[in-house]
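Everything below concerns the one structure shown next.
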There are 2 protein chains.
Amino acid sequence: MTKESKIPRPTIERLALYSRPLEIFVKSNIPIISSEKLAELCGVNPAQVRKDLAYFGEFGVRGVGYEVRELLREIKRILGTDRRWSLCIVGMGNLGMSLVENDNFKQRGYDFVAAFDLDPKKVGIELPCGLTIQPAHTIPEQVRAVGIDLGIITTPSREAQRAAELLFRANLKGILNFSAAQVRTPECCIVENVDLSVKLENLVYHLEMLYKEKNVTAQ
Amino acid sequence: MTKESKIPRPTIERLALYSRPLEIFVKSNIPIISSEKLAELCGVNPAQVRKDLAYFGEFGVRGVGYEVRELLREIKRILGTDRRWSLCIVGMGNLGMSLVENDNFKQRGYDFVAAFDLDPKKVGIELPCGLTIQPAHTIPEQVRAVGIDLGIITTPSREAQRAAELLFRANLKGILNFSAAQVRTPECCIVENVDLSVKLENLVYHLEMLYKEKNVTAQ
DNA sequence: AATATATTGTGAAATAATGCACATGATTTG
DNA sequence: CAAATCATGTGCATTATTTCACAATATATT
Ligand SMILES: NC(=O)c1ccc[n+]([C@@H]2O[C@H](COP(=O)([O-])OP(=O)(O)OC[C@H]3O[C@@H](n4cnc5c(N)ncnc54)[C@H](O)[C@@H]3O)[C@@H](O)[C@H]2O)c1
Ligand SMILES: NC(=O)c1ccc[n+]([C@@H]2O[C@H](COP(=O)([O-])OP(=O)(O)OC[C@H]3O[C@@H](n4cnc5c(N)ncnc54)[C@H](O)[C@@H]3O)[C@@H](O)[C@H]2O)c1
């Protein structure tokens with residue numbers, strides 16, 4: 001098992017990616033998929049798919065392919081999404097609201113069990129999803145009491161670190177941070193930062209490259 | 001210039017990251033920053049920072065550091081964010097609404113100039129940001145007429161490919177896709193996929209690893 | 001002005017990730 | 001049942017990325 005700690009990071013990211021088409025295939029009752037087909041659907045190399053999976057076992061049958069249902073089950077087991085995870089969310093602005101109300105999360109095994117905000121005008125509001133917004137200072141007690149697994153931060157950037165501290169001090173183990181601030185945590189707490197404008201800036205860079213190449217080759 | 005095409009992808013991602021603390025330093029009137037400080041703030045290695053920057057020129061002064069204002073200006077020039085970009089957004093549900101109303105984008109140089117939806121109940125609604133939701137079938141003409149640079153897809157996954165096709169057929173060059181579906185485009189159009197539940201699944205995997213290691217070392 | 005200290009830029013080593021190409025085993029066909 | 005076909009699993013070469021370590025250069029100190 002300790003071997004699994006030297007799995008390439010990109011492999012983990014791709015496993016999650018692979019599960020999307022697999023879910024669709026399960027629904028469509030398609031029993032078998034090849035690495036080639038799965039690779040095509042995810043925009044990667046077929047050998048990559050096979051290698052990624054081979055880190056964890058032999059899930060395929062030579063000359064045949066992978067049994068869709070079984071493969072999806074294995075990937076979920078590997079990722080840890082074969083059980084439900086409880087989430088709380090801190091900062092109930094536009095983005096926070098949009099996330100709690102999105103039921104893709106529930107379908108994928110994530111349950112929002114608490115929503116927090118600092119603003120007294122927001123505290124007490126009952127959300128369509130059934131939760132009532134709680135005051136931010138109650139984060140520690142509630143995280144501990146309910147045993148919340150993961151926290152999502154959707155506060156303004158300048159408040160993100162403060163929010164994170166309330167969370168990990170209450171012994172919560174993972175944080176998904178949507179603010180533009182880089183959040184710092186002790187080793188016992190894992191953070192994923194998702195800065196959406198970083199994504200936009202990537203896109204813009206690659207576009208500029210595309211334009212430049214065109215100009216060069218056109219001359 | 002063609003040399004810039006073999007810049008490591010991760011370098012581009014980090015450049016965008018570096019600009020966040022730099023923006024704050026500019027506001028705080030801090031004139032100089034070292035690679036070590038910048039690295040610490042972004043959670044990377046200082047040599048990495050220097051190498052990333054060195055791909056594009058010599059922006060620092062030995063023994064001193066980097067002039068904050070100048071460095072930010074250079075990074076923006078490199079990324080292509082030294083000009084404004086026009087955006088349209090397709091699918092005005094919770095997430096789409098939250099994105100158009102977020103004014104971080106405007107601050108960073110992105111202007112939403114059109115919003116589209118398929119649903120007749122949504123078409124015609126005037127948004128707080130001033131835009132009126134347009135019917136999706138008008139995407140081609142409006143993208144061409146206004147000369148929109150980038151498109152954001154926030155439709156349900158099953159509609160994402162259709163939305164993408166309307167966009168790139170109208171000669172739009174870049175797409176940021178928030179649906180869980182992998183969108184396929186011709187070479188002339190660049191897509192960034194941002195699947196938020198992939199991020200969650202990554203987090204969950206690394207958490208599970210953390211737990212397992214603890215159990216192992218505890219025994 | 002000499003010495004100590006700070007910090008960049010970069011070649012080269014180390015590490016990480018990808019993808020080819022083929023042996024291996026399953027299935028189909030004639 | 002032999003031959004042809006298909007598709008996995010994997011060793012290895014290749015390519016990509018990170019990090020080290022140090023020469024080069026600037027500033028501070030005495
Ligand atoms: N809305 C988007 O589409 C979008 C896009 C990209 C990034 N983001 C980022 O996501 C974050 C949230 O965006 P938003 O548009 O929802 O902002 P918002 O201003 O609408 O909401 C922020 C909410 O956080 C609350 N808050 C502030 N400090 C808090 C604290 N310490 N504890 C708890 N709650 C606190 C505020 O009361 C408010 O309700 C921001 O960091 C933003 O940069 C948002
Ligand atoms: N809301 C979130 O927080 C969140 C989180 C993660 C991922 N996502 C993804 O983002 C997407 C949007 O999420 P949402 O919660 O806003 O969904 P939503 O159902 O609230 O909104 C989708 C909108 O798209 C419109 N639409 C459907 N087909 C269209 C088409 N062909 N052209 C134009 N408009 C069309 C619908 O009328 C609707 O208004 C989904 O793919 C979802 O999986 C959302």
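As the structure is a computational prediction, the values presented were derived from the model and not from experiment.
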Taking all non-hydrogen atoms of both residues, which atom of A:Ala160 and which atom of A:Ile153 are closest, and how far apart?
O-CD1, 3.7 Å
Should we count CZ of A:Arg184 as having more than 12 external heavy atoms under 6.0 Å?
no
Are any of the side-chain nitrogens in B:Arg108 or B:Glu23 under 4.0 Å away from the carboxylate oxygens of its partner?
yes
Expressed in angstrom and rounded to an integer, what is the separation of A:Leu53 atom CG from D:dT8 atom P?
10 Å
Expressed as a whole number of angstroms, how long is the span from A:Tyr55:OH to C:dA16:P?
11 Å
What is the distance, to the nearest angstrom, from the CD atom on A:Glu36 to the C1' atom on C:dG19?
14 Å
Do other residues, nucleotides or ligands put more than 12 heavy atoms under 6.0 Å from the CZ atom of B:Arg9?
no
Count the heavy atoms belonging to other residues, nucleotides or ligands that lie under 6.0 Å from CD of B:Gln142, then report whether that count exceeds 12.
yes
How many angstroms lie between CD in B:Glu67 and CG in B:Leu72, if you round to the nearest 0.5 Å?
10.5 Å
Would one find a side-chain N or O of B:Ser35 under 4.0 angstrom from OP1 or OP2 of C:dT7?
no
Nearest-Å distance, CD (A:Glu67) to P (D:dT8)?
14 Å
Measure from NZ on B:Lys37 to C1' on C:dT8 and round the result to the nearest Å.
18 Å
Which of residues 8-21 of chain A sit near DNA chain C, with a heavy atom under 4.0 Å from it?
A:Pro8, A:Arg9, A:Pro10, A:Arg14
Do nucleotides 20-30 of chain D as a string where each nucleotide becomes B, S or -: B if the base has a protein heavy atom under 4.0 Å, S if just the sugar-phosphate does, - if no protein is that close.
BB--BBSS---
Neighbour count above 12 (heavy atom, 6.0 Å) for B:Lys173 NZ:
yes
Nearest whole Å is fine: how far is D:dT18 C1' from B:Asp52 CG?
10 Å
Does the pair A:Glu74 and A:Leu53 meet the rule for a side chain to side chain contact (heavy atoms under 4.5 Å, CB included), with working shown?
CA-CA 9 Å; A:Glu74 291 289 353; A:Leu53 296 172; over 6 Å; no
I need the residues from residues 25-34 of chain B with at least one non-hydrogen atom less than 4.0 Å from DNA chain C; give them sorted by number, or say none.
B:Ser34
Over 12 foreign heavy atoms within 6.0 Å of CD, B:Glu159:
yes
B:Phe56 CZ to C:dT8 P: how many Å, rounded?
18 Å
Among B:Val146, B:Leu172, B:Val143, B:Asp149, the one residue meeting side-chain contact (heavy atoms from CB on, under 4.5 Å) with B:Ser86:
B:Asp149
B:Tyr66 side chain near C:dG9 phosphate (N/O to OP1/OP2, under 4.0 Å)
yes
Whole angstrom is fine here: how far is it from CD in B:Gln48 over to P in D:dA16?
16 Å
A:Ser35 side chain vs A:Val49 backbone, donor-acceptor pair below 3.5 Å:
no
